Participant: 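Supplied in C-alpha cells, the structure appears directly below.
We're numbering straight along the sequence, starting at 1. All values below come from the heavy atoms of this structure, side chains included, with hydrogens, waters and symmetry mates left out. Just so we're clear, the structure is a prediction, and the values are computed from it rather than from any experiment.
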Amino acid sequence: MAKRIMVIFGTRPEAIKLFPVVTAIRQTNGVDPVVLVTGQHREMLDQVLDIAGLVPDHDLALMQPGQSLDEISARLLTGIGSVLDHEQPDMVIVQGDTATAMCGALAAYYRKLPVAHVEAGLRSGNIYHPWPEEVNRKIIGSMADLHFAPTETAAVALRREAVPDAHIFVTGNTVVDALHWVTDKLRHAPERANIIAPLEARFAGKRIIGVTTHRRENFGSGMADIADAIRTLAARDDVAIIFPVHLNPQVRSAIMPVLGDLANVALLEPLDYLNFTRLLQIADLMLTDSGGVQEEAPALGKPVLVMRDTTERPEGVAAGTARLVGTDKNRIVSEASALLDDAVAYAAMAQAHNPFGDGHSAGRIAVIISKWFTDRP
Ligand code: UD1
Ligand code: UDP
C-alpha cells in the first residue's frame, strides 16, 4: 500500500514552493500526498491554491488579522496535532521557516512521525535576522529525518551542525520548478497577467522598479525608511514603481500613507503568482526583503537590491545578481540610482544565474522519499 505523505503549509511562499512537491508525489510510485493547509495566510494562500489548481484535504483556516507569533503558534500546534491524530500519515513534509512549518514539524515529532524538511540548511547566522525564521528553521532541522538542502552551501551548514551526511540531499530549490511552471503558462497566454498588462502600457518608456516588503524585523523604522527611499526614487521622471503591498496591517500602515498619492507609483493588492512573475519579467530592478524574490530574480537575470542586513541566501549575492543594501534610506536610494544611471554596473548585475536549482527539484524529493520507505520495509 502506498505510504501517505502529509504535506503541511499555510503561507504564500510555502504554497509556491510545495505545490510542485505535491504534484511530484502524486506522480511517484509508492507514495500518495495528503494536503493540510493551516490557513496561516488566507487570501495570499488562496491565490496560489487557485492558480495551482490544488484542493487541500484539510484547511484549518487559522488566520486572524494582526496575529501575534504566540497566538498563531498555539493555534497551529493544536490544530495540526488533531489532524495528524485523525489521518495518521506515514510522514510529514514541511517547507522553510514559517510558524506553520515549525509547528507542523513539532506536532509530527510529538507523534514520532518522520519529518522531511524542504529547503533545509539556510542560515544567516543571526537569530534576529530573519526573525523568527532563523530559529524556526534550526528547530525544524533538529527534528527532521530527511533534509532537502537546495544548494551545497545549505548542505555544508547542516553538516556543520552534525546532521549525518546520509540524511542530507542536495535537490535544488523547488521555487525554480514553480517559476518554470508559471513562465511556461505566461509564454502561451501572456494576457493572463491581466493586472500587469495595463501597467506596462501606462508606464511605457519608464524604467520599472518592482518592490515588495514584509519582514517582521523591518517593522517600524526600517519600513518607514523603505517607504521614504521609494518616495525619493519616485521623484525621478524616468522611473515607475510597481509595488504589490503585503496584507499585514503593519506593512500597509507604513507604506500606504507615504506612497499612496504618487502618479508613477502603483500600489497594488498582493499579486497572484502569474502577475507577480510577469512583474519580475518586465522589471528593470527589484527592491525587496523577500526570501523567494531573492531566488527568482537571479533566475530571470533581474538585479535585486535586498533591503536586509543579512541573508540566509548568499548564492544570489555570490552570483552577482543580488546585493545587500539594508534599510537605510540613503543607501537604498544611492544603490538603486547607481544601477539606473550606470549601464556598465547594471549589465554586470543583470546576468541570468540559477544557483538555486534546475526546475527538477520536486521530482527528486518525491523519489528520495519513496526510496526511503522501500529501504525500510
Ligand atoms: C509569514 C512568515 C514569514 C514569511 C511570510 C510570507 C512566520 C513567523 N512568518 O510572515 O516567514 O516570509 O509569512 O509572506 O510564519 N494577512 C492577511 N491575509 C493574508 C496574509 C496575511 O490579511 O493572506 C495579514 C493578517 O493580518 C495576518 C498578518 O498579515 O495576521 C501577518 O501574517 P503572518 O503569517 O502572521 O506573518 P507574515 O509576516 O506574513
Ligand atoms: N509573490 C507573489 N505575489 C506578490 C508578491 C510575491 O506571488 O504580490 C511571490 C514571489 O514570487 C515569491 C513569494 O511570493 O515566490 C515570496 O513570498 P513572500 O515575499 O511573502 O515570503 P518570503 O519568500 O520572504 O518568505
Participant: Identify whether the distance between the nearest side-chain nitrogen and carboxylate oxygen of Arg123 and Asp97 falls below 4.0 Å.
Facilitator: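 Judged by the 4.0 Å cut-off on N to carboxylate O distance, Arg123 and Asp97 do not form a salt bridge.
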Participant: Calculate, to the nearest 0.5 Å, the distance between atoms OH and CE belonging to Tyr110 and Met143 respectively.
Facilitator: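 So the gap between those two atoms works out to 8.0 Å.
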Participant: Can any side-chain N or O of Asp145 pair as donor or acceptor with the backbone N or O of Val115 at less than 3.5 Å?
Facilitator: yes
Participant: Is it true that Lys17 and Asp177 make a salt bridge, defined as a side-chain N closer than 4.0 Å to a carboxylate O?
Facilitator: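 Salt bridge: no.
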Participant: Quick one: closest heavy-atom pair of Ala362 and Pro20, and the distance?
Facilitator: CB-O, 3.4 Å
Participant: Could you pull out all residues at least two apart from Gln351 that satisfy side chain to side chain contact (heavy atoms under 4.5 Å, CB included)?
Facilitator: His353
Participant: Which residues satisfy the ring-ring contact (aromatic ring centres under 6.0 Å, His included) test with His214, sequence neighbours excluded?
Facilitator: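 ring-ring contact (aromatic ring centres under 6.0 Å, His included) check on His214 returns His246.
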Participant: In sequence, state the C-alpha distance, the side-chain angles, and the governing distance for Arg236 and Asp341, and then conclude on salt bridge (charged side-chain N to carboxylate O under 4.0 Å, His left out).
Facilitator: CA-CA 11 Å; Arg236 294 174 60 124; Asp341 295 333; 2.8 Å; yes
Participant: Can you tell me how far apart CD1 (Ile230) and CE (Met307) are? Round to the nearest 0.5 Å.
Facilitator: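 Those atoms lie 5.5 Å apart.
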Participant: With rounding to the nearest 0.5 angstrom, report the OG1 to CE distance, Thr11 to Met63.
Facilitator: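 Between Thr11 OG1 and Met63 CE, I get 12.5 Å after rounding to 0.5 Å.
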Participant: Would you tell me whether Thr212 and Thr288 have side-chain atoms, one donor and one acceptor, within less than 3.5 Å of each other?
Facilitator: yes
Participant: Salt bridge between Arg187 and Asp184, side-chain N to carboxylate O under 4.0 Å?
Facilitator: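 Salt bridge: yes.
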Participant: Strictly below 4.0 Å, N to O, side chains only: are Glu133 and Arg215 in salt-bridge contact?
Facilitator: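 Judged by the 4.0 Å cut-off on N to carboxylate O distance, Glu133 and Arg215 do form a salt bridge.
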Participant: Could you walk me through whether Asp59 and Arg42 pass salt bridge (charged side-chain N to carboxylate O under 4.0 Å, His left out), step by step?
Facilitator: CA-CA 10 Å; Asp59 187 338; Arg42 189 68 278 164; 3.0 Å; yes
Participant: How long is the gap from NZ on Lys302 to OG1 on Thr321, to the nearest 0.5 Å?
Facilitator: 12.0 Å
Participant: Can you tell me if Asn126 and Glu134 form a side-chain donor-acceptor pair at under 3.5 Å?
Facilitator: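 No, no side-chain donor-acceptor pair sits under 3.5 Å.
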Participant: Would you call Asp46 and Arg12 a salt bridge, using N to O less than 4.0 angstrom?
Facilitator: no
Participant: Quick one: ring-ring contact (aromatic ring centres under 6.0 Å, His included) partners of Phe203, sequence neighbours excluded?
Facilitator: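 Partners of Phe203 under the ring-ring contact (aromatic ring centres under 6.0 Å, His included) test: none.
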Participant: Between the side chains of Glu14 and Gln95, is a donor N or O closer than 3.5 angstrom to an acceptor N or O?
Facilitator: no
Participant: Which heavy atom of Leu62 sits nearest to which heavy atom of Gln67, and what is that distance?
Facilitator: O-OE1, 4.1 Å
Participant: Looking at CE of Met91 and CD1 of Ile25, how far apart are the two atoms once the value is rounded to the nearest 0.5 Å?
Facilitator: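 Reported to 0.5 Å precision, the distance equals 9.0 Å.
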Participant: Please name the pair of heavy atoms, one in Arg252 and one in Leu247, separated by the smallest distance, quoted to 0.1 Å.
Facilitator: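 Smallest heavy-atom distance, with atoms named: NH1-CD2, 3.4 Å.
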Participant: Could you verify whether a donor N or O on one side chain and an acceptor N or O on the other, from Thr100 and Thr38, lie under 3.5 Å apart?
Facilitator: yes
Participant: Looking at Arg159 and Asp165, is there a salt bridge between them, counting it only when a charged N and a carboxylate O are closer than 4.0 Å?
Facilitator: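 Yes.
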Participant: Assess whether salt bridge (charged side-chain N to carboxylate O under 4.0 Å, His left out) is satisfied between Glu161 and Lys138, documenting all intermediate values.
Facilitator: CA-CA 10 Å; Glu161 293 173 15; Lys138 287 169 84 161; 5.0 Å; no
Participant: Would you please test Glu119 and Arg313 for salt bridge (charged side-chain N to carboxylate O under 4.0 Å, His left out) and show each step?
Facilitator: CA-CA 11 Å; Glu119 201 186 67; Arg313 295 170 167 88; 3.4 Å; yes
Participant: So how far is it from Ser124 OG to Arg308 CZ, rounded to the nearest 0.5 Å?
Facilitator: 7.0 Å
Participant: Any luck finding a side-chain donor-acceptor pair between Thr327 and Asp225 under 3.5 Å?
Facilitator: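 Side chains of Thr327 and Asp225: no pair found under 3.5 Å.
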Participant: Of the non-hydrogen atoms in Gly359 and Val176, which two are nearest, and what is the gap between them?
Facilitator: N-CG1, 3.6 Å
Participant: Looking at Arg364 and Asp358, is there a salt bridge between them, counting it only when a charged N and a carboxylate O are closer than 4.0 Å?
Facilitator: yes
